[in-house]
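Structure, as structure tokens:
In what follows, residues are counted from 1 in the order of the sequence shown. Counting convention: from 1, in listed order, for ligands and their atoms alike.
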Amino acid sequence: MEIKANEISSLIKEEIKEFNKASTFNKSLGTVVEVGDGIAIIYGLKDVILGELLEFKEDVFGMVMNLDEDSLSAVLLGDANKVKEGDTVKGTGRVVSVPVGDELLGRVIDSLGRAIDGGKEIVTKKRLPIERKAPSIIDRESVNAPLETGIKCIDSLIPIGKGQRELIIGDRQTGKTAIAVDTIINQKGKKVYCIYVAIGQKNSSVAGIYDKLNTYGAMEYTVIINASASELSPLLYIAPFAGMSIAENWMEEGKDVLIVFDDLSKHATSYRALSLLLKRSPGREAYPGDIFYLHSRLLERAAKLNKAHGGGSITALPIVETLAGDISAYIPTNVISITDGQIFLSNDLFNAGQRPAIDVGLSVSRVGSNAQYKVMKQVSSSLKMEIATYHELASFAQFGSDLDKNTKDIIKHGEIVTEVLKQDQYLSYSFVREAIEIFTAKNKFLDDLNKEDVRSYLDEEWQFINNFYASTLKEIEEKKEFSEELEKKVLSILSDFKKDYKIKRQ
Ligand code: ATP
Ligand code: MG
């Protein structure tokens, strides 16, 4: 067939048209050139954005972590063994997101929002990207409502407010998780949605927590995100961010949310592994330089929104594990400086039988006292000082020197107060009961008792007040404050009971 000269140019034009089409198509296709340790290096993918979800094979996805000049690195989410060199990769044009909404309540999900509790597939109306901007200063208001933990020691001395970020820090097996779980259980009937993010824990531990929450009816308002120790580090890395997006959806609907990250030490470790595999340069303790930024941008998303934005809140309780009580290590100091205070759990106290093992001296809450109920503030005002003085004198008294009566009294009172602050797991108290118990100790009704009798005394006293003075309890619950008159009334009730108690024991 002969082609005329004037046709040649139109043929070439046609070809060029096709060529353009082919190249647009290829823009969102790439090839795996290297894969290993859950990381894939990809050549040829153009027009992708940081954090974009990539599609590898059936059920295997990836997230873009590094954008280099002519290649990019992605972490694999899913069965990494299925991906081989030479495989084709597709960009999806959207960043990694999670399903959000009330459909998640009562469920256990993985970092990508897929059900892992054996229940039916989760279908929600809405999804949110895992990385979002924190609410601006203008959209917020200061923390002004208490988040009741139901734990006497915390509600009185280290109060937490809605929208606050309070770190729970301590060695392994000192009761960190117990505090978080008890706090979740105590939200029953208080209209607070809870999210428990388990990072790098054993599946069996998470199953145990699920059982407990279920038993206490807390799963009705709770969702558990589990990125277990057996999972690849990318899934551990995104878990807290996924949790935060689920929380934000509720906060933006005007609800109060409590989110627990158990724990951020393991999160940091997984991010370190990831970063080293991505060949990012290591810094202090081999953590990448941006680990501080990572945790601060996560925790900055906890907020108390103002009325114009619905008034919702996210209270965050990150947990950090220390080694031999060393809070000056890299990750602990980072997270301490990001949060609004910390609850420090001491191994020595735990072993000495003080549970929860909260070291009152090292624990602080920087914003919560603004939100504390007035009555709690009134009864616990001198408590911290009393405990500090007691510890100082007690260590001094160890040397066996003769003590004057005044010193002995202070030590005895301190012992009683520490006894009052002990509390069993899964036993949350209403703020009224907390206030009454602390008020009893403050007014020295207990100082002539043996330490061992304090618990039973307080239990009987509570029973007594409930039986005969329920209206007074109601009054405290409603007013949340001791007027002079009310305080007098409670004092007289407490001394009535004391007389009763003494007569019974004679
Ligand atoms: P890990 O470092 O392994 O995560 P952890 O610091 O989270 O441990 P928990 O698992 O909460 O500690 O608690 C450790 C043990 O102490 C558990 O057996 C728990 O039942 C017990 N425990 C915690 N708090 C109390 C408490 N208030 N009263 C009695 N026992 C408690
Ligand atoms: Mg734990």
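Atoms of ligand 1 lying under 4.0 Å from at least one heavy atom of Thr177, given by number and element, are 4 (O), 5 (P), 7 (O), 11 (O). Short contacts between ligand 1 and Arg172, defined as distances under 4.0 Å to a heavy atom of the residue, involve ligand atoms 2 (O). Near Arg355, with a cut-off below 4.0 Å to any heavy atom, the atoms of ligand 1 are 26 (C), 27 (N), 28 (N), 29 (C), 30 (N).
Using modelled atom types and a 3.5 Å distance limit, the side chains of Glu461 and Thr440 yield a donor-acceptor pair. Side-chain polar atoms of Asp117 and Tyr210 form no donor-acceptor pair below 3.5 angstrom. Remark: the Gln187 side chain and the Tyr193 side chain contain no N/O donor-acceptor pair separated by less than 3.5 Å. There is a side-chain donor-acceptor pair under 3.5 Å between Ser365 and Gln164. In summary, the side chains of Asp262 and Thr177 do present a donor paired with an acceptor at a separation below 3.5 Å, with no hydrogens or angles considered. Of the N and O atoms on the side chains of Asp326 and Ser328, at least one donor lies less than 3.5 Å from an acceptor on the other residue. Counted by atom type alone, Arg272 and Tyr237 present zero donor-acceptor pairs between their side chains at under 3.5 Å. Between the side chains of Asn226 and Asn203, at least one donor-acceptor pair of N or O atoms lies under 3.5 Å. Remark: the Ser245 side chain and the Arg301 side chain contain an N/O donor-acceptor pair separated by less than 3.5 Å.
The N/O atoms of Phe350, backbone and side chain alike, include none that comes under 3.5 Å of an N/O atom in ligand 1. At least one N or O atom of Gln425, backbone or side chain, sits closer than 3.5 Å to an N or O atom of ligand 1.
Of the protein's non-hydrogen atoms, Gln423 O, 2.9 Å is the one closest to atom 27 (N) of ligand 1. For atom 9 (P) of ligand 1, the nearest protein heavy atom (residue, atom name, distance) is Gly175 CA, 3.7 Å. With hydrogens left out, the protein atom closest to atom 3 (O) of ligand 1 is Gln173 NE2, 2.9 Å, a heavy atom. In terms of protein heavy-atom proximity, atom 11 (O) of ligand 1 is closest to Ala178 N, 2.8 Å.
At least one heavy atom of Pro356 sits under 4.0 Å from some atom of ligand 1.
Protein N/O/S atoms found under 2.8 Å from the Mg ion (ligand 2), listed by chain and residue number: Thr177 OG1.
Within 6.0 Å of the CZ atom in Arg284, the count of heavy atoms belonging to other residues, nucleotides or ligands exceeds 12. Within a 6.0 Å sphere centred on CD of Glu285, heavy atoms belonging to other residues, nucleotides or ligands number more than 12.
The protein reaches atom 5 (P) of ligand 1 closely, with a heavy atom under 4.0 angstrom from it.
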